[in-house]
Amino acid sequence: MTNPEKEPRGRVLIVDDEKVILDLTGIILKNRGYQVFTALSAQEGLATIEVERPELVLLDYMMPNMDGLTALKEIKRLYPDTYVIMFTGKGSEEIAVELMKAGASDYILKPFNNQDLVERIESVLKLRGIELQNKALLSERERLLAEIADWNRELEARVQEKSEALSRAQAEVVQSEKLASLGYLSAGMAHEIRNPLNSIALFVQLIKGGLDEPERQEYVEKILKEVDRIDNILGKLLDASKRPKFEISEVRVDRILEHTLEAFTPQLRQKRIKVVRDFKSIPPAIKADPMEIEQIFTNLFLNSIHVMPEEGTLTVELDQDQDYIKLRVSDTGPGIPAENLPNIFDPFFTTNSRGTGLGLSVVLRIVKTYRGKIEVEKSDPSGTTFAVRLPLNAPR
């Protein structure tokens, strides 16, 4: 076990070109328990500091080649934790000020008193310990403040992430409640409206049979056409709110996508709309109703083609990851105003630039049926992008 009383009180380097000063000062300090190193020149002293890293240097002011002031500045530049006491035979106030400005902790006039030398050394080493401890505390404070700042940023990010997730979950709950309410309402409406509607159609057919005038025949045809239109609206309303009859089979999404695009060829040609296919990967077949998957594409394409001016661009991206088939439909039509985005999937909701009708409500109902997700990924004056994700292995 090491005896604490024999451990050195500190490491001191004495730099002086007079050997007698080195020997005398070295004996005094060794007797007081210090570990002592000596050097006869400033260059030798700097080399010793590099190796031994003493806590304190006793440095002579007047030396050949490199004087003490130059050596002092170099020591403070390279080794700021090494403190320096200057030896000087000149006691002018100007020299003292110059040395202290250059970084000296103290200076001692030659010839010096042994007890005074030891007391000065102890005082400077004590000051060094306090200052280094303060520096360490300040460094630790800065580290802790930086760590706290990182924690705050991480906490803010997590709160933001959770808040956005909560908002999305609340929006989905609200949307689900809307669809559920719509289901009850539309079922009742379909029953209550279709009964008198069928009677109207029947009586109009009877009237039509007894009319000879072509003009009145035309009026009857218009009435029947409007009756059919109302019936179609009721059917779409039911499709948007609840799942009709369906047949599950193995469905290749890419093939249905191509088939649907082909069906829109006349409309695309009429408006000279360019179609860009970006199939990054071809997903495997999934178990689904092909008509429902086709309805997703049909309604998204209709929504985009409706708002795009002539010579626009319809971009269809298809990709997959480990869990989802990912589809993006982008157009170059006017964007959806930010205040309307929360309502874009509501039945019969329209904007000045986009008439969504029931199409997007049908898409939402189908996507939710397959436990997928749909969102407006981007919408600005350059266009709108709808993003759809369908699970690869979701139960049907």
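- In this structure, R143 places its CZ atom where more than 12 heavy-atom neighbours from other residues, nucleotides or ligands lie under 6.0 Å away.
- At least one side-chain heavy atom of V124 sits less than 4.5 Å from a side-chain heavy atom of S105.
- Ion pairing of E317 with K326 is absent here, as no side-chain N (NZ or NE/NH1/NH2) approaches a carboxylate O to less than 4.0 Å.
- No donor-acceptor pair closer than 3.5 Å links the side chain of T88 to the backbone N or O of L109.
- Counting non-hydrogen atoms of other residues, nucleotides and ligands closer than 6.0 Å to CD of E262 gives a total of 12 or fewer.
- Put simply, the side chain of D60 never gets that close to the backbone of M63: no donor and acceptor are under 3.5 Å apart.
- Contact annotation: the side chain of L318 approaches that of I325 to within less than 4.5 Å [non-hydrogen atoms, C-beta and beyond].
- Of the N and O atoms on the side chains of T315 and S330, not one donor lies less than 3.5 Å from an acceptor on the other residue.
- Atom CD of Q270 has 12 or fewer heavy atoms from other residues, nucleotides or ligands within 6.0 Å.
- Side-chain N or O atoms of K287 include none that pairs as donor or acceptor with a backbone N or O of V251 at under 3.5 Å.
- Between V253 and I286 the shortest side-chain heavy-atom distance falls below 4.5 Å.
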Could you walk me through whether Y79 and V57 pass side-chain contact (heavy atoms from CB on, under 4.5 Å), step by step? CA-CA 11 Å; Y79 314 104; V57 175; over 6 Å; no
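- Counting heavy atoms of neighbouring residues, nucleotides and ligands inside a 6.0 Å radius, atom CZ of R272 exceeds 12 of them.
- Taking 4.5 Å as the limit, every side-chain heavy atom of D17 sits out of range of all side-chain heavy atoms of S41.
- Sorted by first and then second residue, the salt bridge (Lys or Arg N to Asp or Glu O under 4.0 Å) pairs involving residues 29-50 (not counting sequence neighbours) are E50-R53.
- Judged purely by distance below 3.5 Å, without hydrogens or angles, the side chains of Q115 and E119 pair a donor atom with an acceptor atom.
- Other residues, nucleotides and ligands place more than 12 heavy atoms under 6.0 Å from the NZ atom of K280.
- For the pair E55 and R11, the salt-bridge criterion is met [side-chain N within less than 4.0 Å of a carboxylate O].
- N299 places a side-chain N or O within donor-acceptor distance of the main-chain N or O of Q295, the cut-off being under 3.5 Å.
- Side-chain contact between L314 and L261: present, with at least one pair of heavy atoms (C-beta onward) separated by less than 4.5 Å.
- Taking the charged nitrogens against the carboxylate oxygens, R365 and E292 do have a contact shorter than 4.0 Å, which makes a salt bridge.
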Exercise for review: Could you give me the CA-CA distance, side-chain angles and deciding distance for K110 and E18, then say whether side-chain contact (heavy atoms from CB on, under 4.5 Å) is met?
Suggested key: CA-CA 12 Å; K110 290 181 180 180; E18 297 181 47; 4.1 Å; yes
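- Environment of NZ in K373: sparse, with no more than 12 heavy atoms of neighbouring residues, nucleotides or ligands closer than 6.0 Å.
- Side chains of L56 and Y34 form no contact here, defined as non-hydrogen atoms less than 4.5 Å apart.
- Using modelled atom types, no side-chain atom of E377 and backbone atom of F386 make a donor-acceptor pair closer than 3.5 Å.
- Side-chain rings of F87 and Y107 stay apart, their centers remaining 6.0 Å or farther from each other.
- Under a 4.0 Å N-O distance rule, the pair R77/E74 qualifies as a salt bridge.
- In this structure, the side chain of S139 does not engage the main chain of K135 through any donor-acceptor pair within 3.5 Å.
- A search for ring pair (Phe, Tyr, Trp, His ring centres under 6.0 Å) contacts involving Y83 returns nothing, not counting sequence neighbours.
- Ion pairing between E311 and K274 fails under the 4.0 Å rule for side-chain N and carboxylate O.
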